[in-house]
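Letters A, B, ... mirror the listed sequences (proteins, then strands); counts begin at 1. Computation of the quantities below employed the complete heavy-atom set of this structure, encompassing side-chain atoms and omitting hydrogens, waters and symmetry-equivalent molecules. These numbers were taken from a predicted model, which means no experiment stands behind them.
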Protein chains: 2
Amino acid sequence: MSLPHAILTALLEKPSSGLELTRRFDRSIGYFWSATHQQIYRELGRLEAEGHIRALPAEQPARGQRKSYEVLPAGRAELARWTAAPQDPRPHRDPLLLRLRASAVVGTAGLREDLLRHLDLHRRQLAEYEEIRRRDFPPGRDAPEDRLRHLVLRAGIDLETFWTQWLDRALAEFDEMGEAQVTDGAGRADGAGDTSARAPEDSAS
Amino acid sequence: MSLPHAILTALLEKPSSGLELTRRFDRSIGYFWSATHQQIYRELGRLEAEGHIRALPAEQPARGQRKSYEVLPAGRAELARWTAAPQDPRPHRDPLLLRLRASAVVGTAGLREDLLRHLDLHRRQLAEYEEIRRRDFPPGRDAPEDRLRHLVLRAGIDLETFWTQWLDRALAEFDEMGEAQVTDGAGRADGAGDTSARAPEDSAS
DNA sequence: TAGACCATGTAACATGTTACATGATTTG
DNA sequence: CAAATCATGTAACATGTTACATGGTCTA
């Protein structure tokens with residue numbers, strides 16, 4: 001239920017064509033709500049059908065011609081409604097944590113390299129956010145809109161900081177485990193294995 | 001591509017029926033890969049069809065009868081393969097950050113209460129994780145599997161810590177903005193509004 | 001024996017992903 | 001004018017969500 005509202009926000013900030021939106025989703029908005037161009041075109045169609053946006057009049061016809069959209073009053077009202085309505089936090093879904101947990105059962109083979117790769121990616125993302133911060137939020141601006149957007153950016157910075165720190169620690173643990181490491185993996189995929197590998201968390205009642 | 005692997009991990013830790021899995025997904029595994037019972041039953045069916053798991057023989061017939069599953073060698077091998085294979089981090093999707101950004105354009109009405117509510121929810125989750133940590137990871141255990149699972153738990157703890165801190169700060173900002181607050185919202189949904197509300201991040205290139 | 005809950009499922013739909021198609025514009 | 005790239009889309013599929021259905025077991 002969020003993609004249309006992400007698009008409405010982006011269009012209110014600046015009327016755009018589908019491709020422009022796609023590019024902006026690769027930069028700013030997409031940092032916390034990503035979308036592919038297929039999703040965006042599909043959603044633009046729906047939003048137009050619902051009367052929330054309209055194509056800017058510029059006598060452009062069919063395929064291959066760019067088409068810009070702007071938000072209509074009904075769209076703005078819908079966005080305001082959605083923003084004000086309470087919403088529960090959505091549950092996390094993180095494959096990397098899942099793989100780590102799986103590795104406690106089937107072995108850590110291959111994982112370390114990918115942790116390193118992720119660490120690098122998160123460091124780059126962090127650097128990118130900090131560059132944006134330097135550029136767009138110099139000390140002393142405090143229009144409410146700037147404060148709100150700065151707050152969002154700080155969430156991104158703090159999240160990436162968390163990941164880099166956590167991955168550092170994870171890698172340190174991997175190194176400490178050293179030889180004692182569970183490198184089993186497919187080695188005994190013959191299934192004669194123990195099923196005693198219960199995870200502690202499940203011990204709860 | 002992760003749900004089947006989450007289920008394989010859970011079943012390796014302990015063979016279970018669909019409902020038992022559902023409950024465990026509400027507790028431990030589900031903290032970083034949630035799933036409803038419908039998803040779980042659908043996926044159990046597929047995993048069985050693929051020969052990755054099998055129902056434990058216990059002459060239980062049709063509907064309404066519990067059916068336990070265990071992982072077969074092929075399933076364990078598939079899990080090991082998946083765990084070792086590199087995977088890119090998936091992009092974030094966070095409606096709350098989106099709403100905050102939208103509020104820079106359509107007003108902050110209603111948001112503060114929901115931030116408070118989220119703060120409360122994250123504090124509770126944090127307390128729950130710390131309770132699990134006290135119970136299951138007393139100092140001095142260092143079997144590799146425990147270390148790996150502890151690492152995962154710490155990611156949960158650190159993430160919830162991040163959210164509580166960030167929400168604290170966000171609420172402080174809201175209070176500072178005070179009267180100057182953008183409480184507009186539907187107030188001028190007549191659409192005569194400014195479209196000059198460009199977000200700084202978009203100024204790139 | 002009626003109602004609550006346990007346990008497994010079906011169906012319909014919404015959202016997200018991947019692969020491909022098509023016309024327009026630019027550039028060598 | 002051929003090839004690359006821009007811009008908009010279609011189709012098929014995978015995943016996730018919501019609402020409901022069905023039979024079994026327990027308890028007042």
Side-chain angles (χ1 to χ4, degrees), chain A residues 1-8 11 15-26 29-30 32-50 53-56 58-69 82 87-95 98 205, chain B residues 1-8 11 15-26 29-30 32-50 53-56 58-69 82 87-95 98 205:
Chain A
M1 299 282 281
S2 295
L3 178 57
H5 302 97
I7 292 177
L8 287 172
L11 287 181
S16 306
S17 68
L19 193 66
E20 280 167 341
L21 278 176
T22 303
R23 295 205 203 295
R24 293 172 61 203
F25 269 75
D26 286 339
I29 294 252
F32 44 92
W33 202 276
S34 66
T36 61
H37 81 270
Q38 293 88 338
Q39 272 182 288
I40 288 170
Y41 284 117
R42 178 161 68 187
E43 208 59 46
L44 283 173
R46 286 180 196 162
L47 285 166
E48 189 175 25
E50 285 166 350
I53 63 174
R54 66 163 183 182
L56 282 179
E59 83 281 346
Q60 281 132 352
R63 213 155 178 152
Q65 295 303 82
R66 59 191 301 136
K67 215 165 37 169
S68 273
Y69 293 93
W82 177 81
Q87 251 184 273
D88 283 334
R90 42 168 41 203
H92 285 161
R93 284 201 170 134
D94 194 310
L98 202 50
S205 131
Chain B
M1 297 281 281
S2 296
L3 178 57
H5 303 98
I7 291 178
L8 287 171
L11 286 181
S16 306
S17 67
L19 193 66
E20 279 168 342
L21 278 177
T22 303
R23 294 203 204 297
R24 292 171 64 203
F25 269 74
D26 286 339
I29 295 253
F32 44 92
W33 202 276
S34 67
T36 62
H37 82 270
Q38 292 90 340
Q39 270 183 287
I40 288 170
Y41 284 117
R42 177 161 69 187
E43 208 59 45
L44 282 173
R46 287 181 196 163
L47 285 167
E48 191 175 25
E50 285 166 350
I53 63 174
R54 66 163 181 181
L56 282 178
E59 85 280 347
Q60 281 130 352
R63 211 157 182 151
Q65 294 306 80
R66 61 191 300 137
K67 215 165 38 170
S68 273
Y69 293 93
W82 177 80
Q87 251 185 273
D88 283 335
R90 44 168 42 206
H92 285 163
R93 283 199 172 136
D94 195 310
L98 201 53
S205 129

When you get a sec, tell me which of [options] is the closest nucleotide to the side chain of [X]?
X	options	value
B:Arg46	D:dA19, C:dG16, D:dT15	D:dT15
A:Arg93	C:dT15, D:dG16, D:dT15	D:dG16
A:Gln38	D:dG16, C:dA19, D:dA7	C:dA19
A:Arg23	D:dT17, D:dA7, D:dT15	D:dA7
A:Arg42	D:dA12, D:dC6, C:dT8	D:dA12
B:Thr36	D:dT17, C:dT8, D:dT15	D:dT17

For D:dT8, take OP1 and OP2 only and decide whether either is under 4.0 Å from a side-chain N or O of A:Tyr41.
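So the side-chain polar atoms of A:Tyr41 do come within 4.0 Å of the phosphate oxygens OP1 or OP2 of D:dT8, strictly under.
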For a quick test of reading the model: is some side-chain N or O of A:Gln39 closer than 4.0 Å to OP1 or OP2 of C:dT15?
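Checking C:dT15 against A:Gln39, no side-chain N or O comes under 4.0 Å of OP1 or OP2.
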Rounded to whole Å, how long is the line connecting atom [atom1] of [X] with atom [atom2] of [N]?
X	N	atom1	atom2	result
B:His37	D:dT17	NE2	P	13 Å
B:His5	D:dA14	NE2	P	15 Å
B:Leu19	D:dT25	CG	P	15 Å
A:Met1	C:dC13	CE	C1'	13 Å
A:Ile7	D:dT8	CD1	P	13 Å
A:Leu47	D:dT8	CG	P	15 Å
B:Phe25	C:dA7	CZ	C1'	17 Å
A:Leu44	D:dT8	CG	P	9 Å

Answer whether the closest heavy-atom distance between the side chains of B:Met1 and A:Pro95 falls below 4.5 Å.
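No, side chains not in contact.
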A:Gln87 vs A:Trp82 side-chain heavy atoms within contact, under 4.5 Å
yes
State whether B:Arg46 and B:Glu43 are salt-bridged, where the test is any N-O pair (Lys NZ or Arg NE/NH1/NH2 against Asp/Glu carboxylate O) under 4.0 Å.
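Salt bridge: yes.
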Taking any heavy-atom pair under 4.0 Å as a contact, classify A:Ser17: base, sugar-phosphate, or nothing.
sugar-phosphate
Ignoring hydrogens, what is the shortest heavy-atom contact between B:Leu11 and B:Tyr69? Give both atom names and the distance.
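Looking at all heavy atoms of both residues, the closest pair is CD2-O, 3.7 Å.
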Nearest-nucleotide wise, let me know which of A:Ser2 and B:Glu20 is further upstream toward the 5' end of DNA chain C.
B:Glu20
Closest-nucleotide 5' rank along DNA chain C - winner of B:Tyr69 and B:Arg90:
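Result: B:Tyr69.
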If the test is side-chain hydrogen bond (donor to acceptor under 3.5 Å, both in side chains), which one of A:Arg90, A:His92, A:Arg93 qualifies with B:Ser34?
A:Arg93
